[in-house]
Amino acid sequence: MIKKVLIANRGEIALRVMRSCREMGITSVAVFSESDRRSMHVRYADEAYFIGPSPSAESYLVIDKIIDAAKQSGADAIHPGYGFLSENAEFADRCKKEGIIFIGPSSYAIKTMGDKITARKTMVDAGVPVVPGSEMITDEKDAIKKIKEIGLPVMVKATAGGGGKGMRLVTKEKDIVSSLRAAQSEARAAFGNDAIYIEKYIKSPHHIEFQILGDTHGNVIHLFERECSVQRRHQKVVEETPSPLMTPEVRKEMGDFAVAAAKAVNYSGAGTIEFIVDEKLNYYFLEMNTRLQVEHPITERVVGVDLVKQQINIANGLELELKQDELRQYGHAIECRIYAEDPENNFMPSPGVIRHITEPLGLGVRHDGYVYEGFEIPIYYDPLISKLIVWAGTREEAIARMKRALYAYKITGVKTSIPFLNRIMETADFVKGKYNTNFIEKNSEFLMFPDKHEVKVEDVAIIAAYVDYLDRLNLQADVHSKNGQNSWKNCGRRLSFNRF
Ligand code: MV4
């Protein structure tokens, strides 16, 4: 049985994994780069190993360094988290070769699903619906013929792509040849692999994904769906479960297909089957993510399962104890991703020192973060500060709870996406549950234009005095602008308080 796990990651996900390890009586080993010396995951871990300079290509992505740290520490397993080496087949192989358990699927499953053309073919063979399209394009004339069969518009995609990289939309016949060539050379430059394929373009789809778990005995279950359509430039912003679009019948069908998809690659561990879904609830397999995902907590809350604990049990060779027909979705969960970025300045990353943080608390709130006052968010990594997850009995209550939690969440020192998330919670299409991947673009007017009632500069002095007054009384300062939005951020930005 696994006694010591090295977590080959940083930030909130490293902490998330370590918490489950601690509950299971497993020792945690952290690794850290130069700019993560003072990171919370290093403090939380039982041991920590320095693995080099800040750029991830020189630290978190270097297989040899991670393996060395695992050996030095005597860890018997490695959890890769998400990103970094989590979907690297070579790394999974190397762990195996070194006699270290990789907490994740086989390198075969990673490889098969990582190559989108092979993944598509595997799904077709397994009877899972895919978007009408082609296999690998080898000949321009065949490609043109195929595109005319499918009908414009189509998407040209790179087999090594995924997550929005290496895609091209073709709407006009005259653009076909140039698009094929451009996609191919882009793919070659970006991935060193110029294989491309074609799919019919599904306009403004929903992105709905199913969480699955497979064990090493051939059992696979799904833990229902997550609606991930609130995205900006292929970056998820808000996720929720259940999906407002879903019906019990379609949920059952898609869940069964998700299980079939995982079985087709003998999947073991936690994974996600992504579908795109159109307004008529036609659904198509898009890709599989062979890792634990950022948004896994909403599934954990609604289904009542610790996914990291499941991953570790599976890695130990245990049989899944969860049974499909015993699983239910209880209530509704929403996750907001809190980024250190500036929504008013084209979402530019906003790294810097956290001057103040008040985390939201209370009934039905989970906050997975890693920053603390005085911590400097490094420029080298994803600017995710934390994930705010709420749960309530109904969707309506969950939205109200998210607004309450966002309102209580105060960060100064860096700009954050909190005000933007607040506006999403108040957008009519979101409140009604009527949105697809077009949501942010469609509602950009409402979402992007700063509130006209925002605190004026001359008001700031008054607010500052008030904050200071409350502070002296040792009370929590809570100052609102006229529309009820939290405007502490403005105070922190425009004035420097002694207390900060
Ligand atoms: C598509 C599509 C429409 N039709 N494929 C974007 C990310 C990558 N995983 C695949 N993506 C898409 N593939 C066909 N045939 C639209 C998208 C897409 C999208 C998909 C999921 C979530 C958000 C998206 C935003 C824009 C485009």
Side-chain angles (χ1 to χ4, degrees), residues 2-105 107 110 269-270 290-294 296 307-309 311-312 315-316 351 368-372 375-387:
I2 295 167
K3 289 198 181 64
K4 194 167 189 176
V5 173
L6 180 141
I7 295 91
N9 217 301
R10 63 178 303 283
E12 66 86 20
I13 193 60
L15 279 168
R16 159 70 193 91
V17 172
M18 289 176 196
R19 289 192 185 104
S20 285
C21 287
R22 187 150 297 169
E23 288 180 21
M24 295 174 80
I26 293 170
T27 305
S28 296
V29 181
V31 290
F32 63 99
S33 70
E34 189 63 47
S35 56
D36 271 332
R37 285 187 185 282
R38 285 150 55 80
S39 249
M40 194 57 102
H41 77 282
V42 176
R43 297 182 180 186
Y44 190 96
D46 298 293
E47 289 170 32
Y49 290 79
F50 178 68
I51 52 164
S54 301
S56 35
E58 297 170 52
S59 48
Y60 296 106
L61 286 171
V62 183
I63 294 177
D64 282 338
K65 289 185 175 180
I66 304 292
I67 297 288
D68 279 354
K71 287 192 158 169
Q72 266 190 58
S73 66
D76 31 38
I78 297 181
H79 194 299
Y82 52 70
F84 296 135
L85 296 170
S86 62
E87 295 180 277
N88 185 311
E90 185 194 337
F91 181 59
D93 268 337
R94 179 70 187 278
C95 289
K96 195 171 180 181
K97 205 177 114 214
E98 303 284 352
I100 301 164
I101 297 170
F102 175 74
I103 302 175
S107 69
I110 298 174
T290 55
R291 61 168 192 277
L292 184 72
Q293 288 190 244
V294 177
H296 75 277
L307 287 169
V308 173
K309 184 174 181 177
Q311 287 185 297
I312 293 171
N316 269 321
D368 275 23
Y370 78 107
V371 306
Y372 54 87
F375 177 74
E376 181 169 8
I377 297 179
I379 58 167
Y380 298 96
Y381 316 108
D382 188 75
L384 185 75
I385 299 175
S386 69
K387 308 182 306 204

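Numbering of residues begins at 1 and proceeds along the displayed sequence. Below, all heavy atoms of this structure are taken into account, side chains as well, without hydrogens, waters or symmetry copies.
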Parallel, tilted or perpendicular, judged at 30° and 60°: which one describes the rings of Y60 and H41?
tilted
Could you check whether any side-chain heavy atom of I51 comes within less than 4.5 Å of a side-chain heavy atom of V62, counting everything from C-beta outward?
no
Does K309 pair with E23 as a salt bridge, N-O distance under 4.0 Å?
no
I want to check something: taking the side chain as every heavy atom from C-beta on, are I100 and L6 in contact at a cut-off of under 4.5 Å?
no
Do N9 and H79 come within less than 4.5 Å of each other through their side chains, counting heavy atoms only?
no
Roughly how far, to the nearest 0.5 Å, is the CD atom of E98 from the SG atom of C95?
8.5 Å
So, N316 side chain and I2 main chain: donor-acceptor pair closer than 3.5 Å or not?
yes
Distance-minimising heavy-atom pair for I7 and V31:
O-CG2, 3.6 Å
If you take all heavy atoms of K65 and P53, which pair is closest and at what distance?
NZ-CD, 4.0 Å
Residue pairs involving residues 82-92 (criterion side-chain hydrogen bond (donor to acceptor under 3.5 Å, both in side chains); sequence neighbours excluded)
E12-Y82, E87-T290, E87-R291
For residues I67 and F91, determine if any side-chain heavy atom of one lies less than 4.5 Å from a side-chain heavy atom of the other.
yes
Applying side-chain contact (heavy atoms from CB on, under 4.5 Å) to I13 and L384, what does each step give before you reach the verdict?
CA-CA 10 Å; I13 193 60; L384 185 75; over 6 Å; no
Under 3.5 Å, is there a donor-acceptor pair linking the side chains of D93 and S107?
yes
Take S54 and I379, measure what side-chain contact (heavy atoms from CB on, under 4.5 Å) needs, and give me the verdict at the end.
CA-CA 9 Å; S54 301; I379 58 167; over 6 Å; no
Any heavy-atom pair between the side chains of V5 and T27 that's under 4.5 Å?
no
Side chain to side chain, E34 and E58, heavy atoms closer than 4.5 Å:
no
After noting the C-alpha distance and the side-chain angles of M18 and M40, does the key distance pass the side-chain contact (heavy atoms from CB on, under 4.5 Å) rule?
CA-CA 11 Å; M18 289 176 196; M40 194 57 102; over 6 Å; no
Nearest heavy-atom contact between D46 and S28 is OD2-N, 2.8 Å
What closest approach, in Å, do S73 and K4 show between heavy atoms, and which atom pair accounts for it?
O-NZ, 2.6 Å
What closest approach, in Å, do I78 and A8 show between heavy atoms, and which atom pair accounts for it?
CG2-CB, 3.9 Å
Any chance CZ of R37 has more than 12 other-residue heavy atoms, nucleotides or ligands included, within less than 6.0 Å?
yes
Does a donor on one side chain and an acceptor on the other come within less than 3.5 Å for Y372 and R43?
yes
When you look at F32 and Y49, which way does the ring pair (Phe, Tyr, Trp, His ring centres under 6.0 Å) test go after all the steps?
CA-CA 6 Å; F32 63 99; Y49 290 79; 8.7 Å; no
Test I312 against I103 for side-chain contact (heavy atoms from CB on, under 4.5 Å), laying out the working first.
CA-CA 6 Å; I312 293 171; I103 302 175; 4.1 Å; yes
Does the gap between the ring centers of Y44 and Y370 come in under 6.0 Å?
no
Looking only at heavy atoms, which two atoms of I101 and A315 are closest? And how far apart?
CG2-CB, 3.8 Å
S56 side chain reached by F84 side chain, heavy atoms, under 4.5 Å:
yes
Would a 4.5 Å heavy-atom cut-off, applied to side chains only, mark Y381 and R10 as touching?
yes
Polar side chain donor-acceptor pair, Y380 to S59, under 3.5 angstrom:
no
